[in-house]
Structure formats: C-alpha cells, structure tokens
Amino acid sequence: MVDDIYQAMVTSITDGDSEAAEALARRAIAEGIDPLDAINKGFVVGIQQVGEAFGCGQAFLPDLVLAGEAMKAAVAVLDPELASRGQQRETAGDVVLGTVKGDIHDIGKMLVGTMLSASGFQVHDLGVDVPPERFAHKAREVNAAIVGVSALLSTTMSNQRLVIEALDDLGLRSQVKVMVGGAPVTRTWAETIEADGFAEDAIRAVVEARRLVGRNA
C-alpha cells in the first residue's frame, strides 16, 4: 500500500499535476508516512525522472516547469510537518540563488532551484532583480557553499561579475563557489569573470553544483 502511494507521488510529478501532488502529501501525513520518506521515495524520484527525460530530449521545458510546480506544492505541505517533528532533509550544502539586478526572468532560475532542492541542496531563492550586495550578504548569513547567478539578457550579464566582486568585498570569495547561467551566458564568459562553474540548464546545474561541493558520487 505504501509503495502504491510512493508510485502515485512519482506519477503526480511526472504528470506535472500540482493538485495531485499536494493531495498525496496531505494523505502521507494523515496516514503516518514519514515526510522524509514521502519526499525522498516519492516526489524526488518523480522530479529526477523528469530531469533525466529532459536531459535525453524526451521531455521539454513545459514538462519541467509543471513538474517543478508540482514538486513545490508537495514540499510546501511536507516541510512544515518536518519542522514540527524536528526533522530536516540531509543537505548537500546551502545555495543562494537569484537573477541579477535589471533582469526579471524567473522560470529558468526557478527550475534550477527546484532541481537543486530535489537533489539535496538547501536553496535560498532571492528572486529576480537582485542587487549584487544582496547575494553577498545572504551568502554570509546562511554560510552558503554556492551562489548561483542567473542572467537572461546580454545587457545584464555584466552584473554577474558584480556579484563576484561583492563577495570579494565581504571577504567571502575564497569560501563560496559561484555558478553562473542563463541564455546568453557561455563557459567562456564564466571563465572570463572567474566564476567557478557554469550550467546550460537545470539538469546540468545539479551536476555542476555537486561537483563544486565535492559530491560527484
């Protein structure tokens, strides 16, 4: 029976069905299923399957967006239950994430956050139009392992460099890995501004983040 619930959770994510995901999360709590197990054996498996399908060209951006929304709906129900039990998910590290100042594109960054969260990272999403100093101060506040900086416009790419400079100004640059991404961003640009990592999409962002924190296995 429990395995059937886990499979239904997987399906709710692969189908991108937020209502079903939320209902299954509430059912898990009502039936006494450990919320950590619900996340790790159910919903995370689903988001990983969608991610793998996306990486193979068998799923597309809308599928990833819907799966991400369904995952968020489930976690929004289960996280308070975890907190009430004094539990927390094992974390691979804290990630501060945001879109640079002057840029209000959100979907790509949101997908990266969802995939990182599903893969065990504690994500602090600052949203869009984020000043460089806010990235740096948040990184210091949460002792971040990674700062992820998105830019979807060629005119705002230079603000990724300013985030790195802000981290340097606070004396954090040697402690924090910086990962950049976004439609106009290239590996060459990442190397030019001395970022530590670069990812073309949300799936590669997880691989890169795990590399940056030394968790490639």
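The figures here come from the full heavy-atom set of this structure, side chains too, leaving out hydrogens, waters and symmetry mates. Quantities reported herein were computed from a predicted structural model and do not represent experimental measurements.
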Ignoring hydrogens, what is the shortest heavy-atom contact between [X] and [Y]? Give both atom names and the distance.
X    : Y    : result
L78  : A38  : CD1-CB, 4.0 Å
A21  : I13  : CB-CD1, 4.4 Å
A25  : A74  : CB-O, 3.8 Å
H105 : T99  : O-OG1, 2.9 Å
E208 : F198 : OE2-N, 3.2 Å
V50  : D63  : CG1-O, 4.2 Å

Taking side chain as C-beta onward, heavy atoms only, is [X] less than 4.5 Å from [Y]?
X    : Y    : answer
F135 : L167 : no
V147 : V163 : yes
V180 : M157 : no
V149 : M179 : no

Given the rule in the side-chain contact (heavy atoms from CB on, under 4.5 Å) test, do D103 and V128 qualify, once you have shown the distances and angles that lead to the verdict? CA-CA 6 Å; D103 197 325; V128 301; over 6 Å; no
Test side-chain contact (heavy atoms from CB on, under 4.5 Å) on R210 and F121; report intermediate values, then the result. CA-CA 9 Å; R210 293 182 70 84; F121 289 89; 3.9 Å; yes
[atom1] of [X] to [atom2] of [Y]: how many Å apart, nearest 0.5 Å?
X    : Y    : atom1 : atom2 : result
E22  : S12  : CD    : OG    : 11.0 Å
I107 : L152 : CD1   : CG    : 9.5 Å
Q7   : L24  : CD    : CG    : 11.0 Å
R27  : M9   : CZ    : CE    : 8.0 Å
E194 : E165 : CD    : CD    : 10.0 Å
L64  : M71  : CG    : CE    : 12.0 Å

Transitively linked via ILVMFWY side-chain contacts under 4.5 Å: [X] with [Y]?
X    : Y    : answer
V75  : V206 : yes
L82  : V44  : yes
I47  : I5   : yes
L116 : V178 : no
V77  : V2   : yes

If a pair satisfies salt bridge (charged side-chain N to carboxylate O under 4.0 Å, His left out) and one of its residues is in residues 109-132, list it, with sequence neighbours excluded. D106-K109, K109-D125
Ignoring hydrogens and angles, tell me if any N or O in the side chain of [X] forms a donor-acceptor pair with the backbone of [Y] under 3.5 Å.
X    : Y    : answer
N159 : V100 : no
Q122 : G93  : no
S117 : G113 : no
N40  : L36  : yes
Q160 : T156 : no
D37  : D34  : no
T14  : T11  : yes

Please identify each residue that fulfils side chain to side chain contact (heavy atoms under 4.5 Å, CB included) with I203, with sequence neighbours left out. F54, M115, D201
With the threshold set at 4.0 Å, does a side-chain nitrogen-carboxylate oxygen contact exist between [X] and [Y]?
X    : Y    : result
E200 : R204 : yes
E81  : R85  : yes
D79  : K72  : no

Worked check of salt bridge (charged side-chain N to carboxylate O under 4.0 Å, His left out) between D196 and R173: CA-CA 10 Å; D196 302 289; R173 186 63 188 95; 2.9 Å; yes
Quick check on I104: does its CD1 atom have over 12 non-hydrogen neighbours (other residues, nucleotides or ligands) under 6.0 Å away? no
Let's go through I146 and V96 carefully: what are the C-alpha distance in whole Å and the side-chain angles of both, what is the deciding distance for side-chain contact (heavy atoms from CB on, under 4.5 Å) to 0.1 Å, and is it a yes or a no? CA-CA 6 Å; I146 298 173; V96 172; over 6 Å; no
Yes or no on side-chain contact (heavy atoms from CB on, under 4.5 Å) for L97 and H124, after CA distance, side-chain angles and deciding distance? CA-CA 6 Å; L97 193 64; H124 307 269; over 6 Å; no
Tell me yes or no: between the side chains of R140 and H137, is some donor less than 3.5 Å from an acceptor? yes
